[in-house]
Amino acid sequence: MNETALTVHQTARPHGFPTADHFSFAESTIPDPAPGSALVENLYWSVDPYHRELMDDAPGGFALHAPLEGRSIGRVIASRTPRLAEGEIVFHRHGWRTHAVITPDETRRLPRFDGVPLTAYLSTLGGTGLTAYVGLTRIARLQEGEDLFVSAAAGGVGTATGRFARLLHAGRLVGSAGSAAKAAHLVREVGYDAVFDYHDGPVHDLLGRVAPAGVDVFVDNVGGEQLAAAVGALREFGRIVRIGTISQYNTPGASAPRFNYADIVEKSIRMEGFLVSNYRDVQEELYAFAVPHLQSGRLALDETVIDGFEHIVDAFLGMLRGENTGKIIVRDRTQVPSAH
């Protein structure tokens with residue numbers, strides 16, 4: 001076990017794109033758990049697009065010069081509660097640190113399924129996969145054979161949405177990504193029928209080329225110009241699932257997308273956003289749906305894994321720059337598989 005604990009703090013509010021200078025690593029002695037709590041040594045950390053929103057000076061955001069919060073998986077190494085046994089693997093939200101003191105009510109026990117790695121609980125079986133699953137089944141109410149457009153299709157939610165949509169027997173599946181290499185990967189590996197690089201021209205034209213007959217559902221992780229183009233491409237009774245607005249996280253002064261508002265009425269379009277935290281009761285259903293496909297190999301994990309907690313800030317900034325394919329996860333070096 002490490003002799004010191006490391007914690008990431010935010011030191012300043014970014015104006016536009018954040019940099020490593022907005023964070024610092026704080027060293028301390030490893031804390032002792034108080035009665036009723038346990039000490040967890042974290043093994044895997046999730047960095048997510050919503051963390052960028054928490055960096056701003058807004059209610060519920062990160063406090064400056066204080067430990068940050070995030071999804072994490074760790075091992076109980078000292079316990080002062082019978083509800084958390086030493087050696088147990090738990091999920092909790094005290095991430096961005098090597099060690100955390102947690103209470104039983106702040107943890108979730110992880111069911112262990114044969115052949116399913118721990119990282120899956122931060123990607124396909126975690127908040128990322130749950131977001132995709134809820135978006136398709138609860139918000140879009142996807143029907144067999146319906147056509148989808150997914151923005152930021154190479155991200156964690158985008159790849160999970162694509163794979164789940166295929167398993168749910170969707171029709172044509174198109175997406176947008178930030179590079180030709182990502183677009184090719186999504187078609188070759190993830191199951192998309194066509195993906196365009198949104199840098200290649202007006203999104204309205206690019207979407208028209210890959211979906212000339214329109215789409216039934218738009219899963220929106222981006223907002224902006226892509227949302228405007230999707231409104232035009234949606235068919236009658238189309239649905240827009242609003243998940244994120246990553247195009248505007250680092251450009252707070254950006255103008256809102258302009259589209260034909262009459263389309264919403266004339267095509268009976270429904271647009272709905274949601275917070276995955278309001279759908280935790282769907283977690284078991286996600287396990288029942290996804291785990292058999294993971295075990296059979298029909299469903300693959302889309303993950304970019306970064307080794308070493310010291311690289312967590314770099315991983316977060318890289319995710320904002322679109323350097324990952326699938327869910328980005330930071331892994332403690334003790335969890336790196338042996339080369340033998």
Side-chain angles (χ1 to χ4, degrees), residues 1-11 23-48 50-51 54 60-114 116-123 125-128 130 276-284 286-287 291 305-313 315-316 329-337:
M1 189 177 82
N2 297 325
E3 295 304 314
T4 58
L6 281 177
T7 305
V8 179
H9 294 190
Q10 183 182 333
T11 57
F23 300 90
S24 68
F25 285 83
E27 278 193 21
S28 64
T29 57
I30 294 175
D32 291 320
S37 67
L39 174 65
V40 170
E41 184 174 38
N42 288 330
L43 305 175
Y44 299 93
W45 299 266
S46 174
V47 292
D48 297 283
Y50 78 86
H51 287 145
L54 297 181
F62 289 146
L64 295 182
H65 308 290
L68 305 184
E69 303 295 325
R71 301 181 183 118
S72 186
I73 292 172
R75 179 186 294 113
V76 177
I77 57 174
S79 179
R80 297 188 67 186
T81 169
R83 293 170 60 192
L84 288 171
E86 291 185 11
E88 193 169 354
I89 302 293
V90 294
F91 169 93
H92 63 90
R93 302 190 71 89
H94 292 265
W96 294 80
R97 66 195 83 183
T98 56
H99 299 77
V101 174
I102 55 174
T103 64
D105 292 338
E106 294 174 320
T107 70
R108 190 173 83 232
R109 284 182 170 82
L110 297 177
R112 298 306 301 273
F113 301 105
D114 288 344
V116 176
L118 281 174
T119 55
Y121 296 99
L122 293 179
S123 61
L125 299 181
T128 298
L130 188 60
V276 73
S277 56
N278 292 326
Y279 288 87
R280 288 184 181 139
D281 60 326
V282 184
Q283 184 69 58
E284 294 297 323
L286 172 63
Y287 289 156
V291 168
V305 179
I306 306 297
D307 288 322
F309 178 77
E310 68 273 17
H311 296 304
I312 190 169
V313 171
F316 171 63
I329 294 169
V330 179
R331 175 172 61 186
D332 186 77
R333 293 188 186 281
T334 62
Q335 302 305 299
V336 179

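We count residues from 1, following the sequence as given.
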Min side-chain heavy-atom separation I312-V8 under 4.5 Å
yes
Restricting to pairs with a member in residues 88-97, which pass salt bridge (Lys or Arg N to Asp or Glu O under 4.0 Å), not counting sequence neighbours?
E69-R97, E88-R109
Distance alone, cut at 3.5 Å: any donor-acceptor contact between the side chains of S46 and D48?
yes
Hey, does D307 have a side-chain heavy atom less than 4.5 Å from the side chain of V305?
yes
Distance check, rounded to the nearest 0.5 Å: H51 atom NE2 versus F316 atom CZ?
7.5 Å
Nearest heavy-atom contact between G95 and S72 is CA-CB, 3.8 Å
How far does NE2 of H9 sit from CG of L64, to the nearest 0.5 angstrom?
11.0 Å
Do the non-hydrogen side-chain atoms of W96 and F25 ever get within less than 4.5 Å of each other?
no
Charged N to carboxylate O under 4.0 angstrom, R80 versus E86?
no
Quick one, L130 with V282, criterion side chain to side chain contact (heavy atoms under 4.5 Å, CB included). Give me CA distance, side-chain angles, the key distance, then yes/no.
CA-CA 8 Å; L130 188 60; V282 184; 4.1 Å; yes
Give me the ring orientation class for Y121 and Y287: parallel if the planes are under 30° apart, tilted from 30 to 60°, perpendicular past 60°.
perpendicular
Note: L68 and A63 closest approach over all heavy atoms is CD2-O, 4.4 Å
Taking every non-hydrogen atom, the tightest pair across L286 and G126
CD2-O, 4.3 Å
Would you check if V40 and V90 make a side-chain contact, meaning some heavy-atom pair closer than 4.5 Å?
yes
Polar side-chain atom of S79 near backbone of L84 as donor-acceptor pair, under 3.5 Å:
yes
Is there side-chain contact between P111 and F113, with heavy atoms separated by less than 4.5 Å?
yes
Polar side-chain atom of Q335 near backbone of L118 as donor-acceptor pair, under 3.5 Å
no
Do I89 and I73 touch side chain to side chain, with heavy atoms closer than 4.5 Å?
yes
In Å, rounded to the nearest 0.5 Å, how long is the span from CH2 of W45 to CZ of F309?
6.0 Å
Show the nearest heavy-atom pair for residues G36 and P104, with the distance to one decimal.
O-CD, 3.3 Å
Taking all atoms of both residues into account, what is the closest heavy-atom pair of P67 and T7, and its distance?
CB-CG2, 3.5 Å
Return yes if a side-chain donor-acceptor contact under 3.5 Å exists between T98 and N42, otherwise no.
no
Got a sec: does the CG of D105 have more than 12 other heavy atoms crowding it under 6.0 Å?
yes
Give the minimum heavy-atom separation between G308 and V330, together with the two atoms involved.
O-CG1, 3.5 Å
In V47, T119, I306, T128, the residue satisfying side-chain contact (heavy atoms from CB on, under 4.5 Å) with I329 is T119
Counting only N and O atoms by type, is there a donor-acceptor contact under 3.5 Å from the side chain of E106 to the main-chain atoms of T103?
yes
Think R331 forms a cation-pi with Y44, using NZ or CZ under 6.0 Å from the six-ring centre and within 45 degrees of its axis?
no
Rounded to the nearest 0.5 angstrom, the NE2-CG distance for H99 and L39 is 6.0 Å
Point-to-point distance, once rounded to the nearest 0.5 Å, from CD1 of I102 to NE2 of H92:
5.0 Å
